[in-house]
Enquirer: 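This is the structure I have questions about; it appears just below.
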Amino acid sequence: MRHWLVKTEPDTFSLEDLRRESPALWDGVRNYQARNFLREMRCGDVVLIQHSSCKVPAIVGLAVVSEIALPDPTASQPDHAGFDPRHVADLEAGKPPRWLAPRLAYLRPLSTTLPLSRIKAAPPMAESHLVRRARLSVMPLNENEIACIASLAGESLMP
DNA sequence: GCCAACGTTGGC
DNA sequence: GCCAACGTTGGC
């Protein structure tokens with residue numbers, strides 16, 4: 001079982017939205033590195049939900065992967081900002097979809113939200129994707145990073 | 001709202 | 001296939 005971190009803008013889709021709509025399709029990812037990570041997700045993996053582009057960017061709660069590697073339907077909708085004709089062409093050609101979405105089931109909030117500033121300042125995070133790869137919206141966390149974040153959060157990150 | 005980081009596009 | 005121009009992300 002792996003741990004992942006995903007970013008979402010709470011004005012668009014917050015942890016509370018996920019709670020209400022759980023399980024929800026995690027759509028709209030349009031970055032190849034992030035897509036490749038989505039492809040590696042497996043059912044039962046734990047996903048840390050991070051609010052971004054908001055007052056206090058922070059990890060706010062946990063979800064669990066409930067379905068994997070579904071074609072992202074928003075990439076097939078011409079009226080959608082994430083529309084990509086190459087995605088439609090892939091599907092029509094019987095090729096694997098270019099853009100993927102897992103389905104995530106709400107698990108629980110953190111007892112206290114954990115600001116990104118605290119996470120980034122922790123020495124074990126120095127080599128993490130979170131610190132080193134600006135703008136990446138889906139990333140795996142290794143054992144050290146999970147332990148570090150759990151310690152900062154003061155609670156378990158297990159399902 | 002600014003702007004650095006950095007991914008994508010397209011001319012050559 | 002290089003790389004300059006351009007667009008987007010996201011912390012601050």
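Chain naming here is simple, since letters A, B, ... match the order of the sequence lines and numbering starts at 1 in each.
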Enquirer: Just call it for Ser52(A): base, sugar-phosphate, or nothing, with non-hydrogen atoms closer than 4.0 Å on any strand.
Expert: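 Sugar-phosphate only.
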Enquirer: Is the shortest side-chain heavy-atom distance between Glu145(A) and Pro124(A) below 4.5 Å?
Expert: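 SC-SC contact between Glu145(A) and Pro124(A) ruled out.
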Enquirer: Between the protein and nucleotides 5-7 of chain B, which nitrogen or oxygen pairs come in under 3.5 angstrom?
Expert:
residue, atom, partner, partner atom, Å
dC6(B), O4', Arg135(A), NH2, 3.4
dC6(B), O2, Arg135(A), NH1, 3.2
dC6(B), O2, Arg135(A), NH2, 2.6
dG7(B), OP1, Arg133(A), NH2, 2.4
dG7(B), O4', Arg135(A), NH2, 3.0

Enquirer: Figure out the CE/P separation between Met125(A) and dG11(C), and round it to whole Å.
Expert: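 Rounded to whole Å, this separation is 14 Å.
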Enquirer: Which label fits Tyr32(A) and Trp99(A): parallel for a plane angle under 30°, tilted from 30 to 60°, or perpendicular past 60°?
Expert: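 Tyr32(A) and Trp99(A): tilted rings.
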Enquirer: Taking CG from Leu5(A) and P from dT9(C), how many angstroms apart are they, rounded to a whole number?
Expert: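 So the CG-P distance, Leu5(A) to dT9(C), works out to 17 Å.
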Enquirer: Are a donor atom and an acceptor atom from the side chains of Glu155(A) and Ser111(A) found within less than 3.5 Å of each other?
Expert: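 Yes, side-chain donor-acceptor contact under 3.5 Å.
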Enquirer: When rounded to the nearest 0.5 angstrom, what distance separates CG in Leu38(A) from OG in Ser137(A)?
Expert: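 Between Leu38(A) CG and Ser137(A) OG, I get 7.5 Å after rounding to 0.5 Å.
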Enquirer: Measuring only between side-chain heavy atoms, which start at C-beta, is His3(A) closer than 4.5 Å to Met1(A)?
Expert: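 In contact.
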Enquirer: What is the distance from NZ of Lys120(A) to P of dG11(C), rounded to the nearest Å?
Expert: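 After rounding, the gap between these two atoms is 6 Å.
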Enquirer: Taking CE from Met139(A) and C1' from dG10(C), how many angstroms apart are they, rounded to a whole number?
Expert: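 In whole Å, dG10(C) C1' lies 11 Å from Met139(A) CE.
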Enquirer: Are the side chain of Lys7(A) and the backbone of Leu136(A) linked by a donor-acceptor contact shorter than 3.5 Å?
Expert: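 Yes, because the side chain of Lys7(A) sits within donor-acceptor range (under 3.5 Å) of the backbone of Leu136(A).
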Enquirer: Figure out the CG/P separation between Leu130(A) and dG11(C), and round it to whole Å.
Expert: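 The answer, rounded to whole Å, is 9 Å.
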Enquirer: Quick one: is Lys7(A) getting a side-chain N or O under 4.0 Å of the dT9(C) phosphate, OP1 or OP2?
Expert: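 So the side chain of Lys7(A) is outside the cut-off, no N or O lying under 4.0 Å from OP1 or OP2 of dT9(C).
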